[in-house]
Each structure stands twice: as structure tokens, then as C-alpha cells.
Amino acid sequence: MEKSMSMAPLLLMVLCLPFALGWHDYNQALSKSILFFEAQRSGYLPHNQRVTWRANSGLNDGKASGVDLVGGYYDAGDNVKFGLPMAFTITMMSWSIIEYGKPMAANGELGHAMEAVKWGTDYLIKAHPEPYVLYGEVGDGNTDHYCWQRPEDMTTDRHAYRIDPSNPGSDLAGETAAAMAAASIVFRRSNPAYSSELLHHAYQLFDFADKYKGKYDSSITVAQKYYRSVSGYNDELLWAAAWLYQASNNQYYLNYLGKNGDSMGGTGWAMTEFGWDVKYAGVQTLVAKFLMQGKAGMHAPVFERYHQKAEHFMCSLIGKGTRNVQKTPGGLMFRQRWNNMQFVTSASFLATVYSDYLVSSRGTLRCAAGNVAPTQLLSFAKSQVDYLLGDNPRGTSYMVGYGNNFPRQVHHRGSSIVSIKVDSKFIACRQGYAGWYTRKASDPNVLTGAVVGGPDAYDNFADERDNYEQTEPATYNNAPLFGILARLGSGHSGYNQLLPEAVPVPKPVAAKPKAEPKAKSTLNPATTSSPIFIQQKMATSWNEKGRTYYRYSILMTNKSSKTLKDLKLSISKLYGPIWGLTKSGNSYGFPTYLNSLPAGKSLEFVYIHAASPADVSVSSYNLA
């Protein structure tokens, strides 16, 4: 559907560095992105729970069905446990740790990341009580969405839904097998008995998925409105086989990929998306890795076709393919209005690992536009993460709690209602809507680390609780970020990504969170005697209909010991929109909500145009 471009004013803020365009503390963002999972926990919370505004919840889950289903994760801003996205979340957390566990360990976050995985796999083990039985949902979206309650106050239906030979779900069983297999690699050195248990469940679940074929949402029909399996189950069967081969080195699963790659779509689907439903790009990336490792054997011709489709996906991300992904004017990959950020983080993760696979194999990316250096893929991933963290036209961080300007009215029941530890008075089903959902104020509990749905196709975003398409977080938004942030925070990895996986044993996790890293400044020292220091740089660029557009960032700092007032800036050679200043005649001044700049503080504004940098200078000002 066509939509006219409407650019919202940039919410400009007096900055406390490092929240400036072009530099981000990836290690701090990693810590926060992992912490988010503790806010999503269901069940009995542990003694070292760091998100202290949460309490125990869902303590009778599974009881009516005669099975213990206490634990696991709520998927997003609701209180339902959906099995398919939960399993995908665990697979992606595990893959992040498998690839980048070493930099996570160096950052002191490996233990927390592994705890996040184990909280999920402990639940998946409970949900798989028999070889051919898997519970795939607790609660249902219809009754849950009718209420707005803290998880601790839930009065909604907690019915448990399962798949079995009479009611199959190959996609759900396949993804859960992939999650168990990937997690078994994570715990192989630190907890070998647990690793073996996970692999045993993965074997059984794959057999179940392959033997009794069917779509899970035909058996668990209440999931159709929320997590419909549009892609079917063939991608999950291939995905599970790839992870089982990586976890076990069992030739049966390699042969499965070789024999079924053509018939199940692994070599046929040329994708431009990757997520909890459509796994083909992930399968193609893993099989390309096996090919680079020299493991294809007699399946080399088939694996090369997987490889070609993996490269199609990668080329589409960087605008070098025959069918490229759409991007917003500010440079963000855009797939859909509702929770677009899930596709951004998942695709960026694949770009990150594939870049490192190519570097390790000394290869190049073969695109329709020519051969491309692997570093361009990592640059793409970095640009997407930087946008997410605030390097965008609005200057908004879409990770809650990171930077200064992040969403304050998140579409999340637990975050938006006062903590039960602060006010234990019961909040009834509809009472939460009347008293908290419609409240036009910041959330009483900051959902630190949550990645929300993000802006629309034109970089617009409304921080409103009822704007669920943009302000609702999800576990599968965060899971791929673990790996990307660890990779970006470590700089050059310095080790071969094609060698056998060896996740280090983490140091014991402390009960109390460590202090956040101190902010670093990337500003150059002043080179003039002027009390106003202006630094301008190009933040990013992109091509649109054959034309190259540039986004420029200007950081203006008051170096004096007095307050800066009555500012007037002269900006010439500007051929596009500007955000963060107020125009008056031929000059620009402070935005409407800001009338001065205190000593030592900085101000940011940005503009976009298809030209060299504009000329920015100070016309007049007063110091008071």
C-alpha cells in the first residue's frame, strides 16, 4: 500500500555522552539485552533474580493436564507462553553463544547468557514428557488480551495445548529440536550431563517431527491468530537437521540435508527475511558453513545450491542483489509495520556470522553487482544495530534503558503496572486497562534491555502504550542481538569461525549486577577559542532509486563556563529535511522546548540530503 512520506520532528535532547550518533557502548547494550530475559521469566524466580520488580507467576501451569509446565518465558508484552517463538528464541540465543561466547566471557556476560538459555531449555524439557508428545502453548492470546494484568495477578485461562501423533506439529517439534541441539553445544563443556540430556530430547523431537508430519497451528488452533506457521514445516525440518548435525556430527543429519534440500525448499527458496516462522535463510547459512568447512562430501553439488541461496540473502541486505530488502529513509531494513525490529536483528545476525565465515575461509561474497568484501556484511549489521541504539533521524534508542531517549510507554503488562512488591493490591482483569493501560505516563518499571517493534517505513515512531505495532517488545527481537553486540564490542574476533565450536566455561554469576561501564567520549578536543564547538560527520548513506542519500550528524557543545542563550545558526547548502532545530527567517535556533544550553552540555541535530555536507556556522549568541 502506498503511503506519503511524513517525517516526525526529531526529539532533540541535551546529551549525556556517550549517547551521540556514531558511537555506542556495545558491551553495555549486550548486558542490558540479556537482562531483559529476566523480566520475561515465568515460574518461581531464583534467588539471584536481578529484575527485582518481578515476582513468581504461572505456578499452576500444566497442573490441569497432569504435567509440570511451570517456568519458561512470556513471549512479549502478554502473559502467554507460545512454544514456537520461545524455541526459536532459545535457538538464536544459543547460536549467539556458540559463535561469540569468547567475547561474552571477556565481557563478563557469558554466565548470564547461558542462564537465559537454561531457563528456556529447562522448560522445554518439561514440555516434552514423552517422545511423541510436546506441549506447545500455555494460556491463549484471546483471553489474555482481554485482560491487562501483571503476570503475578493472572486470572486468565492457563489451558495447556499439545501436539502428538494424532495432532502433529512438525514445525513446532522441529524448532524445539533445533533449540535443544543448539543448546547442547552451549553446555557441552560446562555441564556435559545436561548437554547430553538436551541432545537426547533433540533426537526424539526430530524423529517425532519427521515421522508425523503436519503444521502445528492445525493442531493448536488457538495459535493461528498470533503465531501462524505460514512457511509450513519443511524449513524447520531442515533447520533441525542442520543443528543436530552441528551438535552430534552424525552423518544421518548431513545426509538428510543433502537428500531433502531440493524437495523441501532449502535450495529453492531465495529469501529476504529470517525469523521465528521462516527459517530457510538460517538453514542456508549453516549449510554454507558446512560447505566451507569441507564437510559436504558427496552432497557438495546440493550444498552449493544452498550456498547460492545464502549469498542471495546476504546480497539483498547490502543492496547488491537481484531483489533487495526495503530500507527506511534513515537506513533501517524494513519488512513490515508490526514489530519490524525482529527481522532487523535476525538478518543482522546472519550477516555478522556469514561475514566471519567468509573471512575465516578467505572467501568473498558473490553478488549480482559483483564480488563484495565480507566486511560490507559486518558494516551492514553494525549500521542496523547503530540505528536501533539511536543513530537514526529521531535520535531514539529502540532498546529500553539504553541512552537518554528511549520508549517510556512500552506495550508490556508487567512493565506498565506498579510492581506487586510496591503495591500488593490485586489488579483485576479489566481494571488494568482502566487504571494502567490508558495512563499517559512513563512505565513504573523500566523494562531494561527490551527491543521494541520500532519505527515505520518512514522512520516515524509514536511512544504510546496502545501502539503495540511499535512499542511492544519480544524475546526473539533480543536473542539474535546477543551475538551481534558481543562481536561488535570485541572488535576483530581474531579466531577462526570455521573451527569446531568450543564455548568456554563461564565464571560464576554474581548475585548482584556489575556496575555499568563508564561512558566514553569520542569528541575531538577544541581547536579554536570559540566557546561553541561544532563537530559534523556523515553518519550513514544509502541508495534510493539510483540516487545516494547521506545522513549527517552535528554535535554542538557549549565549552564555556556559562549558559548559552539566543543561539542563531547559519546553515547554507542544505537540500533536505533537518531535525532538531527551529527555523526563523534565514537562521536556525534551539528547538521549541529548549531555550538554553548549560555549560559543558551538547546538542545534536541531523539532516538528510543527497549532497556534500552543508555549511554550518554560528551567527550570534549570548552567554549568561
Side-chain angles (χ1 to χ4, degrees), residues 27-28 30-63 67-75 79 81 86 89-90 93-94 96-97 101 104-105 107-127 138 149-154 158 183 186-187 189-195 197-198 400-401 412-415 417-424 426 443-450 473 475 478-479 482 503-516:
N27 290 328
Q28 182 191 130
L30 172 63
S31 301
K32 292 177 184 293
S33 69
I34 296 172
L35 183 63
F36 164 66
F37 282 87
E38 297 193 20
Q40 297 302 107
R41 285 172 169 171
S42 179
Y44 292 97
L45 301 186
H47 70 280
N48 61 348
Q49 171 81 8
R50 296 179 295 163
V51 178
T52 56
W53 50 266
R54 280 295 322 282
N56 299 336
S57 63
L59 302 184
N60 293 313
D61 285 357
K63 189 174 182 179
V67 63
D68 177 9
L69 295 176
V70 177
Y73 288 113
Y74 303 119
D75 70 306
N79 299 326
K81 295 189 293 199
M86 191 193 305
T89 294
I90 294 165
M93 282 196 288
S94 297
S96 290
I97 294 169
M104 286 185 196
N107 187 33
E109 289 297 335
L110 179 60
H112 290 134
M114 291 174 69
E115 280 192 346
V117 171
K118 193 172 186 295
W119 190 269
T121 51
D122 283 351
Y123 172 80
L124 294 183
I125 290 171
K126 292 180 177 183
V138 178
Q149 290 177 289
R150 297 176 294 211
E152 298 83 1
D153 285 333
M154 270 190 295
R158 301 301 289 173
V186 170
F187 295 102
R189 290 180 64 187
S190 62
N191 193 341
Y194 188 67
S195 173
E197 182 182 9
L198 291 172
V400 177
H412 187 276
R413 285 158 174 77
S415 175
I417 301 174
V418 64
S419 170
I420 197 168
K421 295 182 179 180
V422 174
D423 185 350
S424 61
F426 175 74
D443 295 330
N445 310 305
V446 178
L447 194 63
T448 301
T475 55
N478 278 58
F482 284 22
V503 176
V505 177
K507 294 179 180 178
V509 175
K512 293 183 179 181
K514 65 178 184 180
E516 291 183 353

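Residue numbers start at 1 and run along the sequence shown.
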So, for Pro473 and His412, which heavy atoms are closest and what is the spacing to 0.1 Å?
CG-CD2, 4.0 Å
Is there a side-chain contact between Asn60 and Arg158 in this structure, where contact means two heavy atoms from C-beta onward sitting under 4.5 Å apart?
no
Just so I know, are the side chains of Ser195 and Asn191 near enough to count as touching, which here means a heavy-atom distance under 4.5 Å?
no
Close side-chain approach of Ile34 and Asn478, heavy atoms under 4.5 Å
no
Tyr44 atom OH: more than 12 heavy-atom contacts under 6.0 Å
no
Would you tell me whether Ser42 and Tyr123 have side-chain atoms, one donor and one acceptor, within less than 3.5 Å of each other?
no
Should the ring pair Trp119 and Tyr73 be called parallel, tilted or perpendicular, given that the plane angle runs from 0 to 90° and is split at 30 and 60?
tilted
Heavy-atom closest pair (Phe482 atom, Ser96 atom, distance to 0.1 Å) is CB-CB, 3.5 Å
Using atom types as modelled and distance alone, determine if a side-chain donor or acceptor of Lys118 lies under 3.5 Å from a backbone N or O of Ala183.
no
Residue pair Lys126 / Val67: nearest heavy atoms and the distance that separates them
O-CG2, 4.0 Å
Test item: Asp122 and Tyr194 side chains (from C-beta on) under 4.5 Å apart, heavy atoms:
yes
Contact between Met86 and Lys81 at the side-chain level, heavy atoms closer than 4.5 Å - yes or no?
yes
Are any of the side-chain heavy atoms of Arg41 and Pro46 separated by less than 4.5 Å?
yes
Which atom names give the shortest non-hydrogen contact between Val446 and Trp53, and what distance separates them?
O-NE1, 3.6 Å
Rounded to the nearest 0.5 Å, what's the gap from CG on Asn56 to CD on Glu152? Could you check?
8.0 Å
If every non-hydrogen atom of Pro506 is compared with every non-hydrogen atom of Ser190, which pair is closest and at what distance?
CD-CB, 4.1 Å
Between Val70 and Gly43 the two heavy atoms that sit nearest each other are CG1-CA, 3.6 Å
